[in-house]
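Working notes, beginning with the structure itself.
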Amino acid sequence: MARRSQGDRRKTILRVAGRLFSQRGYYGTSIRDIAGAIRLQGGSLYAHIASKEELLWEIVEEAAQAFLSSLEPIVRSERSPVEKLRLAVATHLQVVTERQDAAVVFNHEWKALSPKRRADILARRDAYEALFREILREGIEAGVFRADLNVPLITRFILTALNGVAVWYRPKGPLSPEQIAEAFADWAIRGLQICNPAEVPR
């Protein structure tokens with residue numbers, strides 16, 4: 001029971017830290033702020049964590065793993081490039097909307113990590129972008145995406161748009177994550193395809 005209680009407390013600390021980091025930024029959030037939000041004394045928080053950076057690392061690392069583990073099976077599947085891109089957009093937005101605070105922290109606060117951890121996350125971000133680029137290159141080779149595409153630039157354009165959802169998405173808003181994903185995927189595919197833009201495969 002004590003272990004479960006301690007585990008629950010740590011999850012609460014990570015959730016609250018993620019919310020505060022996303023709202024105020026890493027440097028704008030103190031240990032006292034985090035402790036106060038869960039009604040602990042600042043010093044008591046150190047019974048559950050090693051440092052503020054440790055919290056940032058866990059939040060960012062978990063988000064990085066969620067993105068990678070959701071995209072890799074899609075890229076390695078036998079689906080068509082268009083299907084892969086549509087699913088890649090949907091799974092990315094699923095991670096963003098289900099872990100909204102963590103997604104904001106992952107995209108904007110990772111540079112506050114120590115050099116070694118920053119390099120680790122940068123490598124994972126690069127690996128994730130590489131998977132998206134692989135989908136686009138498959139589409140070009142299959143003759144369904146335009147051959148003149150600047151693949152690295154288009155990849156960053158798509159990911160920037162998807163990551164921006166974490167800033168403005170509201171769970172009780174007019175659009176569900178699925179509706180947003182469908183719209184974003186349609187726009188991306190229409191811009192990439194050789195065929196008539198009105199003919200967007202599903």
Side-chain angles (χ1 to χ4, degrees), residues 4 7-26 28-29 33-34 37-38 48-49 52-77 79 83-113 117 120-135 155-189 202:
R4 179 180 297 178
D8 290 344
R9 175 55 62 89
R10 188 168 181 82
K11 287 179 182 178
T12 299
I13 293 169
L14 286 166
R15 177 177 52 79
V16 170
R19 173 170 54 82
L20 293 176
F21 291 163
S22 70
Q23 293 173 350
R24 306 179 184 182
Y26 176 75
T29 303
D33 293 330
I34 298 168
I38 53 178
H48 305 279
I49 66 169
K52 188 174 77 163
E53 192 203 347
E54 192 71 27
L55 291 175
L56 178 62
W57 167 248
E58 287 196 35
I59 293 165
V60 171
E61 196 273 340
E62 191 274 339
Q65 186 57 39
F67 281 121
L68 276 168
S69 63
S70 66
L71 184 57
E72 283 175 334
I74 295 169
V75 177
R76 305 301 168 219
S77 73
R79 295 182 176 92
E83 290 175 317
K84 287 182 181 181
L85 183 56
R86 191 174 290 281
L87 283 171
V89 168
T91 57
H92 188 99
L93 286 180
Q94 183 178 7
V95 174
V96 164
T97 53
E98 289 181 355
R99 298 171 171 83
Q100 193 169 358
D101 288 332
V104 172
V105 175
F106 174 77
N107 286 313
H108 299 286
E109 304 301 323
W110 66 278
K111 292 181 181 179
L113 290 166
R117 285 173 167 171
D120 184 303
I121 293 302
L122 183 58
R124 297 197 208 189
R125 291 168 67 93
D126 288 345
Y128 188 75
E129 284 191 21
L131 291 172
F132 256 90
R133 289 196 298 270
E134 188 172 335
I135 294 174
T155 298
R156 292 197 172 184
F157 175 80
I158 292 172
L159 289 176
T160 298
L162 296 177
N163 289 332
V165 174
V167 176
W168 55 260
Y169 172 72
R170 296 294 176 268
K172 295 182 180 179
L175 295 175
S176 69
E178 293 76 18
Q179 289 172 313
I180 297 169
E182 183 177 3
F184 275 38
D186 281 350
W187 295 333
I189 292 166
R202 304 231 170 231

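All values below come from the heavy atoms of this structure, side chains included, with hydrogens, waters and symmetry mates left out. Computed from a prediction, not measured in an experiment: that's the story for all the values here.
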Taken in chain and number order and not counting sequence neighbours, the residues that satisfy salt bridge (charged side-chain N to carboxylate O under 4.0 Å, His left out) with Asp101 are none
Has the side chain of Gln100 got a donor or acceptor atom that lies under 3.5 Å from a matching backbone atom of Ala166? yes
Contacts satisfying salt bridge (Lys or Arg N to Asp or Glu O under 4.0 Å) that involve residues 156-169 (not counting sequence neighbours) are Glu129-Arg156
Hey, does Leu56 have a side-chain heavy atom less than 4.5 Å from the side chain of Trp110?
no
d(Asn107 CG, Asn163 CG) to nearest 0.5 Å is 3.5 Å
Smallest heavy-atom separation, Ala37 atom then Leu20 atom, equals CB-CD1, 4.3 Å
Between Tyr26 and His108, is any pair of side-chain heavy atoms under 4.5 Å apart?
no
By ring pair (Phe, Tyr, Trp, His ring centres under 6.0 Å), Phe67 pairs with (sequence neighbours left out) His92, Phe106, Tyr128
Next on the checklist: With heavy-atom distances below 4.5 Å as the criterion, would you say the side chains of Tyr169 and Leu175 are in contact?
Outcome noted: no
Applying side chain to side chain donor-acceptor pair (under 3.5 Å) to Glu178 and not counting sequence neighbours gives Ser176
d(Ile13 CD1, Glu58 CD) to nearest 0.5 Å is 10.0 Å
Separation between CG (Leu113) and CG (Asp120), nearest 0.5 Å, reads 9.0 Å
For Glu54, the salt bridge (charged side-chain N to carboxylate O under 4.0 Å, His left out) test, sequence neighbours excluded, returns Arg117
inquiry  = Would you say that Phe184 contacts Val165 through its side chain, given a criterion of any heavy-atom pair below 4.5 Å between the two side chains?
reply    = yes
message: I want to check something: taking the side chain as every heavy atom from C-beta on, are Ile49 and Arg10 in contact at a cut-off of under 4.5 Å?
response: yes
Across all chains, not counting sequence neighbours, the side-chain contact (heavy atoms from CB on, under 4.5 Å) partners of Glu72 are Leu68, Leu131
Heavy-atom closest pair (Ser77 atom, Ile74 atom, distance to 0.1 Å) is OG-O, 2.7 Å
Closest non-hydrogen atoms of Arg86 and Ala185, given as atom of the first, atom of the second and distance, are NH1-CB, 3.7 Å
Of all heavy-atom pairs linking Asp33 and Gly28, the shortest is OD2-O, 3.9 Å
Salt bridge (charged side-chain N to carboxylate O under 4.0 Å, His left out) filter on Arg125, not counting sequence neighbours, yields none
* Sub-3.5 Å donor-acceptor pair from the side chain of Lys52 to the main-chain atoms of Ile34, do we have one? -> no
With sequence neighbours left out, the residues meeting salt bridge (charged side-chain N to carboxylate O under 4.0 Å, His left out) with Arg19 are none
By side chain to side chain donor-acceptor pair (under 3.5 Å), Arg76 pairs with (sequence neighbours left out) Glu134
Contacts of Ser69 meeting side-chain contact (heavy atoms from CB on, under 4.5 Å) (sequence neighbours excluded), chain-then-number -> Gln65
By side chain to side chain donor-acceptor pair (under 3.5 Å), Arg133 pairs with (sequence neighbours left out) none
With sequence neighbours left out, the residues meeting side-chain contact (heavy atoms from CB on, under 4.5 Å) with Pro174 are none
- prompt: Under a 4.5 Å cut-off applied to non-hydrogen side-chain atoms, are Phe132 and Leu71 in contact?
  reply: yes
Tightest non-hydrogen contact, residues Val105 and Gly18, listed as CG2-O, 3.6 Å
May I ask you to test the Val96-Leu162 pair for a side-chain heavy-atom distance under 4.5 Å?
no
